[in-house]
Student: 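Below is the structure I would like to discuss, written out as structure tokens.
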2 protein chains.
Amino acid sequence: MTTILVVDDEPAILRTVKAGLVARGYEVQTASSGREALFLLTARTPDAALLDLALGDMDGVEICRTVRSWSDVPIIVLSAEGSEHRKVVALDEGADDYVTKPFSMPELLARVRVALRRRADPRGADDPVLVCGGLEIDLARHVVTQAGVAVELTPKEFAMLAALARHPGRVLTHRTILHEVWGPGYDTETQYLRVYASQIRKKLGRAGGAMLVAEPGIGYRLVDPADA
Amino acid sequence: MTTILVVDDEPAILRTVKAGLVARGYEVQTASSGREALFLLTARTPDAALLDLALGDMDGVEICRTVRSWSDVPIIVLSAEGSEHRKVVALDEGADDYVTKPFSMPELLARVRVALRRRADPRGADDPVLVCGGLEIDLARHVVTQAGVAVELTPKEFAMLAALARHPGRVLTHRTILHEVWGPGYDTETQYLRVYASQIRKKLGRAGGAMLVAEPGIGYRLVDPADA
DNA sequence: TGCCGTCTTGATCGATTCTTGATCCCTCCT
DNA sequence: AGGAGGGATCAAGAATCGATCAAGACGGCA
């Protein structure tokens with residue numbers, strides 16, 4: 001069964017879209033707030049998401065960025081705003097498509113099929129668990145275990161570790177990490193990185209902490225003690 | 001180099017779109033007929049294609065279908081027709097996106113980035129590496145290896161070596177190097193260059209150090225011992 | 001409202017890197 | 001042969017960067 005998550009704060013839109021999708025045989029989940037959407041995306045892992053940009057509690061672009069940090073689920077943005085700049089930002093932050101309201105249902109359905117088609121054929125469904133040394137990082141569940149035991153990390157700590165673990169052994173620049181964890185506008189706050197690197201090391205203990213190394217003047221990297 | 005194929009039978013559109021893509025650093029191929037488009041798609045395998053639906057000799061949808069039988073190259077359809085039915089057909093026949101003319105260039109570029117992004121992430125993606133003699137300079141990782149072993153360089157040392165390695169064998173003037181590594185306002189501090197050239201030579205050892213040669217009164221160059 | 005965990009910010013300390021000046025060397029020119 | 005100009009090297013002080021601690025600021029939740 002293919003499941004689609006629909007997120008919108010207008011009940012009327014929610015009903016209409018849901019009806020159209022159900023008629024085509026999809027299973028549909030609905031959410032009317034950003035929090036709810038993020039919860040369903042982690043807990044139920046739908047096959048695609050239709051996301052309104054204007055939600056009460058969160059900006060749609062922010063949701064895109066958050067979701068993209070752990071999942072490749074196709075996201076189609078639905079928005080009443082035709083603003084070109086918004087479109088560009090949303091697409092660059094991870095949205096796969098952008099449809100302007102009012103939209104035609106057949107077109108939306110066709111774009112959903114495109115999104116699902118991409119997801120269907122690819123190279124083996126990705127295991128969303130990153131492994132590096134004794135560390136296992138479950139991106140969807142936001143859980144880190146080290147040698148089998150869970151490590152308690154705050155959201156920002158987790159995000160930073162995950163960003164580094166996504167490119168094991170590789171240096172990520174300060175800018176890159178800040179942009180990925182804190183979003184745009186924090187590009188120069190390198191002090192955050194020092195603080196969080198320090199806390200992560202402390203929580204990972206002696207052996208684990210040594211995996212997170214600073215590259216002076218450049219950034220940080222997470223090394224697997226097994227290689228090099 | 002990322003290559004985009006643009007197919008349209010109106011020269012004006014072709015020029016406009018090409019200019020926008022080239023300005024963003026893409027390589028652009030153009031075609032004004034279906035036959036030409038199919039030829040380039042097989043012969044040159046671009047990284048993505050922008051395809052007008054209304055061509056003289058073939059229907060755009062037909063091209064989509066044909067291409068899809070052997071290739072997953074991302075296809076973005078550009079069309080003056082807003083007909084909902086055409087959109088649905090094109091999307092179902094293999095198009096990844098459908099943009100209606102007139103379109104905004106920034107939005108089109110964003111959608112191109114979305115299409116390319118999908119194609120991008122296979123794991124073993126190697127970074128572009130500059131090679132000169134036994135030296136390998138990985139710009140993305142900020143890592144230099146010499147005959148396979150890593151060389152520890154400070155940021156400025158790395159920047160200077162990278163600047164020279166970008167143009168192997170060619171002389172870069174003092175001004176050029178200073179401008180590239182230290183930024184504007186240091187154009188006359190040629191003493192810095194002597195100090196850093198010295199340190200780089202020391203770290204590269206006997207054979208490697210000989211590759212960094214001074215051109216008295218002009219600047220420095222990095223020579224590959226293999227040639228000249 | 002008050003509590004609690006998280007995030008931000010400032011201060012301090014140690015280490016590395018950058019800058020700068022002194023000294024020696026080589027080459028070219030007269 | 002001697003001097004001038006440019007280059008190489010060394011070493012010490014200055015500036016920067018990173019690690020860590022700790023004190024507010026902020027926001028969610030009971």
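Only heavy atoms go into these numbers, but all of them, side chains included; no hydrogens, no water, no symmetry mates. By convention in this document, chain letters (A, B, ...) are assigned in the order of the sequence lines, proteins followed by strands, and residues within each chain are numbered from 1.
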Student: Nearest of dA19(D), dT9(D), dC7(C) to any side-chain atom of Ala214(A)?
Tutor: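 Side chain of Ala214(A) sits closest to dA19(D).
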Student: Just the rounded figure in Å: distance from C1' of dG10(C) to OH of Tyr192(A).
Tutor: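 The distance from OH of Tyr192(A) to C1' of dG10(C) comes to 12 Å, rounded to the nearest Å.
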Student: Could you tell me how far apart Gln199(B) (CD) and dC10(D) (C1') are, to the nearest whole angstrom?
Tutor: 10 Å
Student: So, the side chain of Arg111(A) versus the backbone of Ile76(A): is there a donor-acceptor pair under 3.5 Å, distance only?
Tutor: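 Flag not set: sc Arg111(A) to bb Ile76(A) has no pair under 3.5 Å.
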Student: Between Gln146(B) and Leu204(B) (side chain of the first, backbone of the second, donor and acceptor by atom type, cut-off under 3.5 Å), is there such a pair?
Tutor: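 Looks like yes, one N/O pair under 3.5 Å.
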Student: What's the closest nucleotide to the Arg201(B) side chain, out of dA19(D), dA8(D), dT8(C)?
Tutor: dA8(D)
Student: Quick one: do Tyr26(A) and Thr3(A) satisfy side-chain hydrogen bond (donor to acceptor under 3.5 Å, both in side chains)? Show the steps, please.
Tutor: CA-CA 6 Å; Tyr26(A) 297 113; Thr3(A) 305; over 6 Å; no
Student: OP1, OP2 of dT8(C) versus side-chain N and O of Trp182(A): anything below 4.0 Å?
Tutor: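 For dT8(C), OP1 or OP2 has a side-chain N or O of Trp182(A) closer than 4.0 Å.
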Student: From C-beta outward on Pro155(A), which listed nucleotide comes closest to its side chain: dC10(D), dA19(D), dT6(C)?
Tutor: dT6(C)
Student: For dT9(D), does either OP1 or OP2 sit under 4.0 Å from a side-chain N or O belonging to Ser198(B)?
Tutor: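 Answer is yes, contact under 4.0 Å.
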Student: Report which part of the nucleic acid Tyr220(B) touches: base, sugar-phosphate, or nothing (heavy-atom distance under 4.0 Å, all strands).
Tutor: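 Sugar-phosphate, no base atom in range.
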Student: Can you confirm whether His167(B) is buried at NE2, in the sense that more than 12 heavy atoms of other residues, nucleotides or ligands lie under 6.0 Å from that atom?
Tutor: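 Yes, enclosed.
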Student: The side chain of Glu189(B) is closest to which nucleotide in this list: dT20(C), dG18(D), dC29(D)?
Tutor: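 Closest nucleotide among those given: dT20(C).
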Student: Figure out the CG/C1' separation between Leu204(A) and dA19(D), and round it to whole Å.
Tutor: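 In whole Å, dA19(D) C1' lies 16 Å from Leu204(A) CG.
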Student: On the nucleotide dC17(D), are OP1 or OP2 found under 4.0 Å from the side-chain N or O atoms that Thr190(A) carries?
Tutor: no
Student: In whole angstrom, what separates Leu193(A)'s CG from dT20(D)'s C1'?
Tutor: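 Going from CG in Leu193(A) over to C1' in dT20(D) covers 15 Å.
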Student: Please determine which of Arg166(A), Arg68(A), Lys156(A), Arg175(A) meets the salt bridge (Lys or Arg N to Asp or Glu O under 4.0 Å) test together with Glu180(A).
Tutor: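 Single pass found, and it is Arg166(A).
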Student: Verify the contact: side-chain N or O of His174(A) to OP1 or OP2 of dG18(D), cut-off strictly under 4.0 Å; return yes or no.
Tutor: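 Checking dG18(D) against His174(A), a side-chain N or O does come within under 4.0 Å of OP1 or OP2.
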Student: Rounding to a whole Å, what distance do you find between Arg194(B):CZ and dG6(D):P?
Tutor: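 Roughly 8 Å, once rounded to whole Å.
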Student: Whole angstroms only, please: what is the NZ-P distance between Lys156(B) and dA15(D)?
Tutor: 15 Å
Student: Nearest whole Å is fine: how far is dA19(D) P from Lys202(A) NZ?
Tutor: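 From Lys202(A) NZ to dA19(D) P: 13 Å.
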Student: Quickly work out the Ile200(B) CD1 to dC18(C) P distance and round it to whole Å.
Tutor: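 Distance, rounded to whole Å: 11 Å.
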Student: Applying a 4.0 Å non-hydrogen cut-off, can you work out what Gln191(A) is touching in the nucleic acid: base, sugar-phosphate, or nothing?
Tutor: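 If one applies the 4.0 Å heavy-atom cut-off, Gln191(A) turns out to touch a base.
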